[in-house]
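The structure under discussion appears below in the form of structure tokens.
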Amino acid sequence: LSVGVSLYPEHGRDPADLLRKADLALTVLWRSNELGLRFYSEEYDRRLRSLGELALSLDQALQDDEFEVFFQPQFTMDSGMLVGFEALIRWRRKGEFIDPGRFVPLAETTGRIAGLGEWMLERSCMEAVSWPEVNGKRLSVGVNVSIPQFHQAGFVATVGRVLSGSGLAPERLELEITESVAMQSFESTLAKLGELRAMGVKLALDDFGTGFSSLSYLHRLPFSKLKLDQSFVRELHSSRPQRILTEGIVHLGSGLGLTVLAEGVESVEEFGLLEAMGCDLVQGYFCAQPTP
Ligand code: C2E
Ligand code: MG
Ligand code: MG
């Protein structure tokens with residue numbers, strides 16, 4: 001049970017205002033994934049205002065050219081060969097970077113992610129076309145796709161249009177999708193992923209192990225890469241259960257024929273442990289930061 005509460009007369013005297021404030025308290029409670037009782041606070045109204053302002057400035061930002069694409073390289077673990085890059089969005093507003101962890105979810109919940117995502121896809125593909133081959137191999141570009149963006153009608157057509165517009169070979173594009181994509185409607189998700197695969201586009205399962213992972217998705221959905229979430233990497237040293245889980249996931253992925261990439265690798269110790277477990281690829285500050 002979740003209850004938002006506002007008090008008369010402390011929070012207001014007008015019934016509509018009191019109800020709005022109780023509702024806001026309830027929303028804050030839900031957002032924090034808690035149950036129980038939450039009293040209204042003026043702080044919530046301040047937060048709401050600044051989120052609203054941020055959402056509005058998102059619209060302006062595309063026109064004002066405030067977004068940039070940064071690229072973070074991915075390497076093979078055994079030979080240290082460069083195989084591709086993940087494209088990461090950056091928003092520079094008045095000289096300061098705003099955390100994607102803040103504005104991406106906001107863009108998702110306020111219906112602005114499709115435009116932003118399409119811009120990212122276009123920029124990333126256009127950029128990747130000009131990359132040289134490395135040891136005779138073509139470099140891949142990973143682009144993140146939000147769940148609402150993926151479920152939009154016309155998403156597959158957009159990807160096709162961007163590919164032909166940029167001239168990027170479809171095999172070089174890798175769409176990164178989180179496992180929660182399949183939570184809503186498995187059959188339509190499967191169909192859409194199938195269409196993308198048929199175009200030649202590669203699919204990577206992002207942040208694996210953090211959502212409501214259903215292991216059966218691993219082989220029922222046409223992914224070719226599994227990106228082990230960095231929360232596993234962070235705890236490799238401190239937690240034996242986490243180490244065992246990580247090793248299990250790596251074996252599971254490899255056994256199913258997926259390429260396993262470890263995300264957020266920051267130290268030589270982490271690198272060593274993951275390599276010994278049989279991870280194929282690595283991405284993280286230990287190798288390189290995302291750069292323009
Ligand atoms: P993600 O897709 O899992 O991206 C990896 C995140 O880990 C990036 O954060 C990257 O900068 C960070 N990272 C890489 N190596 C390390 C490391 O060694 N240590 C640590 N602590 N972090 C590392 P970033 O760029 O802040 O992006 C955060 C999330 O925002 C992304 O997670 C992705 O879910 C989302 N995002 C970023 N760009 C886009 C985009 O263009 N579209 C969509 N839909 N989401 C995006
Ligand atoms: Mg990603
Ligand atoms: Mg990730």
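As the structure lists them, so they are numbered: ligands from 1, and atoms in each ligand from 1.
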Q) Backbone, side chain, both or neither: what part of Glu263 comes under 4.0 angstrom of ligand 1, heavy atoms only? A) side chain
Q: Check ligand 1 against Val265 and write out every atom of the ligand that is under 4.0 Å from a heavy-atom position of the residue.
A: 18 (O)
Q: Using a strict cut-off of 4.0 Å, indicate which atoms of ligand 1 neighbour a heavy atom of Ser146.
A: 44 (N)
**Q.** Pi-cation contact, Tyr44 with Lys21 (under 6.0 Å, within 45°)
**A.** no
Q | Residue pair Leu258 / Lys225, side-chain heavy-atom distance below 4.5 Å | A | no
Q: Below 4.0 angstrom from a heavy atom of Pro290, which ligand 1 atoms are there? Numbered from 1 as shown, please.
A: 11 (O)
Q) Is there at least one pair of N or O atoms, one from Asp206 and one from ligand 1, spaced under 3.5 Å apart? A) yes
Q: Note the single closest protein heavy atom to atom 6 (C) of ligand 1, along with its residue, its atom name and the distance in Å.
A: Gln230 NE2, 4.1 Å
**Q.** Distance from atom 19 (N) of ligand 1 to nearest protein heavy atom, with residue and atom
**A.** Glu266 OE2, 2.5 Å
Q.
Over 60° means perpendicular and under 30° means parallel, so tell me whether Phe286 and Phe271 are parallel, tilted or perpendicular.
A. tilted
Q. Charged N to carboxylate O below 4.0 Å: is that the case for Lys94 and Glu66?
A. no
Q | Sub-4.0 Å atoms of ligand 1 with respect to non-hydrogen atoms of Val104 | A | 45 (N)
Q. Distance from Leu88 atom CG to Glu176 atom CD, nearest 0.5 Å?
A. 8.0 Å
(Q) Within the structure provided, determine whether Val3 and Arg38 are in side-chain contact (heavy-atom separation under 4.5 Å). (A) no
Q: Can you label the angle between the Trp119 ring and the Phe67 ring as parallel, tilted or perpendicular, going by 30° and 60°?
A: tilted
**Q.** Centroid separation Tyr217 to Phe186 less than 6.0 Å
**A.** yes
(Q) Tell me whether the Mg ion (ligand 2) has Glu86 as a neighbour, meaning an N, O or S atom of it below 2.8 Å. (A) yes
(Q) For atom 37 (C) of ligand 1, what is the closest protein heavy atom, and at what distance to 0.1 Å? (A) Leu88 CD2, 3.9 Å
Q.
If I consider every N, O or S atom in Glu176, which one ends up closest to the Mg ion (ligand 2)? I only need its name.
A. OE1
(Q) Quick check on atom 3 (O) of ligand 1 - does any protein heavy atom sit closer than 4.0 Å to it? (A) yes
Q | Within reach of ligand 1, part of Gln289 (heavy-atom separation under 4.0 Å) | A | neither
Q. Does Arg92 come within less than 4.0 Å of Asp65, counting only side-chain N to carboxylate O?
A. no
Q: Would you mind naming the N, O or S atom of Asp207 nearest to the Mg ion (ligand 3)?
A: OD1
Q) Near Gln72, which atoms of ligand 1 are under 4.0 Å from a heavy atom of that residue? A) 14 (C), 15 (N)
Q: Decide whether an N or O pair under 3.5 Å exists between Asn144 and ligand 1.
A: yes
**Q.** Under 3.5 Å side-chain donor-acceptor pair for Gln283 and Gln74
**A.** yes
Q: Please indicate whether any nitrogen or oxygen in Ile89 is less than 3.5 Å from any nitrogen or oxygen in ligand 1.
A: yes
Q: Return a yes/no value: protein heavy atom under 4.0 Å from atom 42 (N) of ligand 1?
A: yes
Q | Nearest protein heavy atom with distance in Å, relative to atom 16 (C) of ligand 1 | A | Tyr285 CE2, 3.2 Å
Q: Examine the proximity of ligand 1 to Glu86 and report which part, side chain or backbone, both or neither, has a heavy atom under 4.0 Å away.
A: side chain
Q. Is the closest side-chain donor-acceptor distance between Ser146 and Glu108 under 3.5 Å?
A. yes
Q. Between Asp207 and ligand 1, which part of the residue brings a heavy atom under 4.0 Å of the ligand: side chain, backbone, both or neither?
A. side chain
Q) Given Val282, which of Leu261, Val265, Thr76, Val260 fulfils the side-chain contact (heavy atoms from CB on, under 4.5 Å) condition? A) Val265
Q | Ser239 side chain to Glu235 backbone, donor-acceptor under 3.5 Å | A | no
(Q) I'd like to know: is the Mg ion (ligand 3) within the 2.8 Å range of an N/O/S atom from Glu263, strictly under that distance? (A) yes
Q.
Hydrogens and angles aside, do Asp207 and Gln230 bring a side-chain donor and acceptor to less than 3.5 Å of each other?
A. no
Q) Which of these passes side-chain contact (heavy atoms from CB on, under 4.5 Å) with Val69: Arg123, Met126, Arg90? A) Arg123
Q) Any protein heavy atom lying closer than 4.0 Å to atom 26 (O) of ligand 1? A) yes
Q. Rounded to 10°, how many degrees is the angle OD1/Asn144-the Mg ion (ligand 2)-OD2/Asp206?
A. 90°
Q) Would you say atom 29 (C) of ligand 1 touches the protein, meaning some protein heavy atom is under 4.0 Å from it? A) no
